[in-house]
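I have placed the structure first, in the form of structure tokens, so that the comments after it can refer back to it.
Keep in mind that the numbers below use all heavy atoms, side chains included, and drop hydrogens, waters and symmetry copies. The residues of the chain are indexed from 1 along the displayed sequence.
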Amino acid sequence: TRDFPRLGERWVPRLGVKTGADDLFLAREPLPGTRPAARGRDVERWRVVPGMYVRWTHDSAGRPQARLTHELAGHFAAHLDRLRRRCDYHRGPVWQVFRVGLAVAPFRVIWADLARELTAAVPAPEVVPLNTVYGLQTSTLEDAFALAALLNTRWCTALARLSADPARGGFRRFNAQVVAGLPLPDCTPTDWAALSACGRACRSADE
């Protein structure tokens, strides 16, 4: 970091979506109005295997929908008071969720908050990262693949573990501050394209 810029000087890592009432929003099976949801445990190196589905109440720009579908409206109808009592709710439709930026970003790379190694993936567009997942938005898909390849190197895990808070079982917390502090290599456009190719092919970029 003395010689190279930090990742956080170019991209802003952030947490995934917070519902404030997971039992109301999450489902084990796909239902009308749901999208696949990624928890930290669902993020592996290179890929995301969603284990849950989230009832999605926002539009493609991240705004809460003014009116819900019949299925979603019926589901939430008996819980409106509880939805209003969520600590993040202040105004607007009571079925909204919070921190939706990563969910609607067209290009993003995500990683688990709690893991033994830093493991990153570029999720499918429909996947909603939840709040045990961190990620960052990029301007292009190629940048997302390049960053996934960079974060999946053993070098980034080694550097991140130096400042990541320890947890039980050899796990570490790879939060926004930890990943934002990682140094970016001095890449030429050719180097960056090679990293992106590694990410797209799910191939090690250690060398």
Side-chain angles (χ1 to χ4, degrees), residues 1-17 36-52 99 101-103 105-125 127-207:
T1 57
R2 180 191 62 201
D3 299 324
F4 300 104
R6 298 172 188 257
L7 183 144
E9 294 175 27
R10 183 169 177 185
W11 294 281
V12 181
R14 62 190 68 190
L15 264 175
V17 169
R39 302 161 297 174
R41 71 188 72 176
D42 302 324
V43 182
E44 303 174 5
R45 184 172 279 109
W46 306 122
R47 68 179 189 147
V48 180
V49 185
M52 300 288 284
R99 296 194 309 245
L102 277 181
F107 312 116
R108 63 258 169 96
V109 58
I110 63 174
W111 61 91
D113 169 26
L114 187 64
R116 289 189 175 93
E117 298 179 309
L118 189 54
T119 54
V122 177
V127 170
V128 175
L130 297 179
N131 68 337
T132 51
V133 172
Y134 282 91
L136 52 86
Q137 178 179 353
T138 64
S139 56
T140 69
L141 185 59
E142 297 310 307
D143 281 349
F145 280 123
L147 281 168
L150 180 65
L151 295 177
N152 280 332
T153 61
R154 58 181 175 172
W155 310 109
C156 274
T157 283
L159 290 169
R161 283 179 64 91
L162 295 175
S163 59
D165 291 334
R168 295 178 61 182
F171 284 77
R172 298 277 176 155
R173 292 200 172 275
F174 297 110
N175 60 29
Q177 183 178 1
V178 168
V179 174
L182 291 174
L184 284 173
D186 188 15
C187 283
T188 66
T190 301
D191 297 331
W192 195 249
L195 271 178
S196 183
C198 286
R200 189 178 285 278
C202 303
R203 188 174 68 245
S204 170
D206 280 347
E207 291 186 15

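Going from atom CG of Asp165 over to atom CG of Leu114 covers 10.5 Å, rounded to the nearest 0.5 Å. Here the straight-line distance linking atom SG of Cys202 with atom CZ of Arg200 works out to 10.0 Å at 0.5 Å rounding. Expressed to the nearest 0.5 Å, how far CD of Glu117 lies from CZ of Phe171 amounts to 10.5 Å. Thr132 OG1 to Arg39 CZ: the interatomic distance, rounded to the nearest 0.5 Å, is 7.5 Å. Atom-to-atom distance recorded for Gln137:CD and Ile110:CD1 is 13.5 Å, nearest 0.5 angstrom.
Across every non-hydrogen atom of Val43 and Ala121, the tightest pair is CG1-CB, 4.4 Å. Here the shortest heavy-atom pairing between Arg108 and Pro129 reads NH1-CD, 3.6 Å. The two residues Leu7 and Pro13 come nearest to each other via the heavy atoms CD2-CG, 4.2 Å. Of all the heavy atoms in Gly40 and Ala112, the pair that sits closest is O-CB, 3.4 Å. The shortest non-hydrogen separation linking Val133 to Ala38 is CG2-O, 3.4 Å.
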Show every donor-acceptor pair shorter than 3.5 Å between a side-chain atom in residues 144-159 and any protein atom, with sequence neighbours excluded, or say none if there are none.
from	atom 1	to	atom 2	distance (Å)
Asn152	OD1	Ala120	N	2.7
Asn152	ND2	Ala120	O	3.0
Asn152	ND2	Ala148	O	3.2
Thr153	OG1	Leu150	O	2.7
Thr153	OG1	Cys156	N	3.2
Trp155	NE1	Asp206	O	3.1
Thr157	OG1	Leu118	N	3.0

Residues 173-193 side chain polar contacts: donor-acceptor under 3.5 Å, at least two apart:
from	atom 1	to	atom 2	distance (Å)
Arg173	NH1	Asp113	OD2	3.0
Asn175	OD1	Gln177	N	3.1
Asn175	OD1	Val178	N	2.9
Thr188	OG1	Thr190	N	3.4
Thr188	OG1	Asp191	N	3.1
Thr188	OG1	Asp191	OD2	3.1
Asp191	OD2	Thr188	N	3.0
Trp192	NE1	Asp143	OD1	2.8

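In terms of modelled atom types and a separation under 3.5 Å, the side chain of Arg161 and the main chain of Arg116 share a donor-acceptor contact.
When side chains are defined from C-beta on, Val12 does not count as touching Leu136, because their heavy atoms never get closer than 4.5 Å.
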